[in-house]
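Worksheet: the structure to be examined is printed underneath.
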Amino acid sequence: MPTTHHTKMLILGSGPAGLSAAIYAARAGMQPIVVQGLQPGGQLTITTDVENYPGFAEVIQGPWLMEQMTAQAVHVGTSMIWDTIVDVDLSQRPFRLIGDGGDVYVAETLVIATGAQAKWLGVPGEQELGGKGVSACATCDGFFYRGKKVVVIGGGNTAVEEALYLTNHSDDVTLIHRRDSLRAEKILQDRLFANPKIKVLWNKKVDRFVAGEGAAGLVGVDLIDTVTGEASHEPTDGGFVAIGHKPSTELFVGKLPLDDDGYLQVTPGTSLTAVPGVFAAGDVTDKVYRQAVTAAGMGCMAALDAERFLAEAEYRATVDA
């Protein structure tokens, strides 16, 4: 039998943004509900070593960090619900959302923290070697490849920026692109071509990520020439897939403004969307930084913005009465 849930704040997504919003909202007495979605804990649950989240002197594991955030949110009064939202009505407050099992969520405010997913190549070895040499975030994992050989796959801004960033850790960075020219902005291309630590392999696509013997991680990538069809192999210790991200905003098409890449648009410096009472936080609205710590900060902003919104709404209702 479907259940109707009422809350002052409904949070979609249980990554760092959603859970941080929940912690702040619960401590403010808002009794938030978090709908955890298809990937509870977000992208950190498929990340192994985390060394750049403040507060931990030693390397920690991504899944453990998300378990701790979840436990903290529950401890201060958050309700966690395993569900996936399939329909949203933002035409009036309170907002009404429907879960895939038929449950109804009635919320005075809504925080969207559904995140974004890295785009993958879909080739053999990619998922099997995730966290063992294959990554989609140089800023997150580049530190682990100090003094090692790395490759970056892609030809847009993201790929060029990741290659340039990796030169902080490696003197041997190879950019692999399936075409004979890059799509990145010219200023980024100029920086790339001027950097002696970076070489480019043109007209090459990755056919397979190759694992070493036994428990060894990535040792190389098998390549196919997109012009001649010739096969080749490029040895490497780390492979960074940089072909973009896809924000999880399908539910909000036609209901909230999205930018050309599908990210939710917010008022700069805030978490406010175009619909009063609806807020966005984390990777669903951030295509620049995409870090756990920035997502957590944005979750805090969303909770504070929502709390302020409700206080103002209650004040107006009192004055009007």
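All values below were derived from every heavy atom in this structure, side-chain atoms included, with hydrogens, water molecules and symmetry-related copies excluded.
Residues Ile11 and Ile33 do not share a hydrophobic cluster, clusters being chains of Ile/Leu/Val/Met/Phe/Trp/Tyr side chains in contact below 4.5 Å. Leu121 and Leu201 fall within the same hydrophobic cluster, defined by Ile, Leu, Val, Met, Phe, Trp and Tyr side-chain heavy atoms under 4.5 Å apart, directly or through other members. A continuous path of ILVMFWY side-chain contacts below 4.5 Å connects Met30 to Val111, so both sit in one hydrophobic cluster. Grouping the Ile, Leu, Val, Met, Phe, Trp and Tyr side chains by contacts below 4.5 angstrom, directly or via other members, places Val35 apart from Leu19. Hydrophobic clustering of Ile, Leu, Val, Met, Phe, Trp and Tyr side chains at less than 4.5 Å, counting indirect connections, unites Val284 with Phe252.
Side-chain atoms of Asp207 and Leu223, non-hydrogen and from C-beta on, never get closer than 4.5 Å to each other. The shortest distance between side-chain heavy atoms of Leu310 and Lys8 falls below 4.5 Å. Looking only at side-chain heavy atoms (C-beta outward), Asp286 and Thr294 come within less than 4.5 Å of each other. The closest side-chain heavy-atom distance from Pro54 to Val293 is below 4.5 Å. You'll find the side chain of Leu182 reaches within 4.5 Å of the side chain of His177, heavy atoms only. Residues Ile243 and Thr158 are not in side-chain contact: their nearest non-hydrogen atoms beyond the backbone lie 4.5 Å or more apart. Using a 4.5 Å heavy-atom threshold, the side chains of Asn157 and Glu185 count as touching. The closest side-chain heavy-atom distance from Leu44 to Pro16 is below 4.5 Å.
When each of Asp222, Val221, Val206, Val210 is tested with Glu234 by the rule side chain to side chain contact (heavy atoms under 4.5 Å, CB included), just one qualifies, namely Val221. Tested against Tyr105, the residues Thr3, Asp83, Thr4 include a single side-chain hydrogen bond (donor to acceptor under 3.5 Å, both in side chains) partner, Asp83.
Within the 3.5 Å criterion, the main-chain N or O of Val150 finds no donor-acceptor partner in the side chain of Asp237. Judged by distance alone, the side chain of Asp141 and the main-chain N or O of Ala138 form no donor-acceptor pair under 3.5 Å.
Counting non-hydrogen atoms of neighbouring residues, nucleotides and ligands closer than 6.0 angstrom, the CZ atom of Phe56 exceeds 12 such neighbours. The environment of Glu128 atom CD is dense: over 12 non-hydrogen atoms of other residues, nucleotides or ligands sit within 6.0 angstrom. Other residues, nucleotides and ligands contribute at most 12 non-hydrogen atoms within 6.0 Å of the CH2 atom of Trp82. Environment of NZ in Lys149: crowded, with over 12 heavy atoms of neighbouring residues, nucleotides or ligands closer than 6.0 Å. By the 6.0 Å contact criterion, CD on Gln127 is enclosed, its count of non-hydrogen atoms from other residues, nucleotides or ligands being greater than 12. More than 12 non-hydrogen atoms from other residues, nucleotides or ligands lie less than 6.0 angstrom from CZ of Arg93. Within a 6.0 Å sphere centred on CZ of Arg290, heavy atoms belonging to other residues, nucleotides or ligands number more than 12.
A cation-pi arrangement is present between Arg146 and Phe143, with the terminal nitrogen or guanidinium carbon under 6.0 Å from the aromatic centre and inside a 45° cone about the axis.
Lys197 and Asp171 are joined by a salt bridge, as a carboxylate oxygen and a charged side-chain nitrogen come within less than 4.0 angstrom of each other.
Here CG of Leu251 is found 8.5 Å from CD1 of Ile112. Values are rounded to the nearest 0.5 Å.
Between Tyr145 and His169, the ring centre distance reaches or exceeds 6.0 Å.
Side-chain N/O atoms of His245 and Asp283 include no donor and acceptor closer than 3.5 Å. Counted by atom type alone, Ser91 and Asp89 present one or more donor-acceptor pairs between their side chains at under 3.5 Å.
Here Asp261 pairs with Lys287 under the salt bridge (Lys or Arg N to Asp or Glu O under 4.0 Å) rule; sequence neighbours left out.
Considering every non-hydrogen atom in both Leu129 and Gly217, the closest pair reads CD2-C, 4.0 Å. Residues Met9 and Ala25 approach most closely at SD-CB, 3.5 Å, considering heavy atoms.
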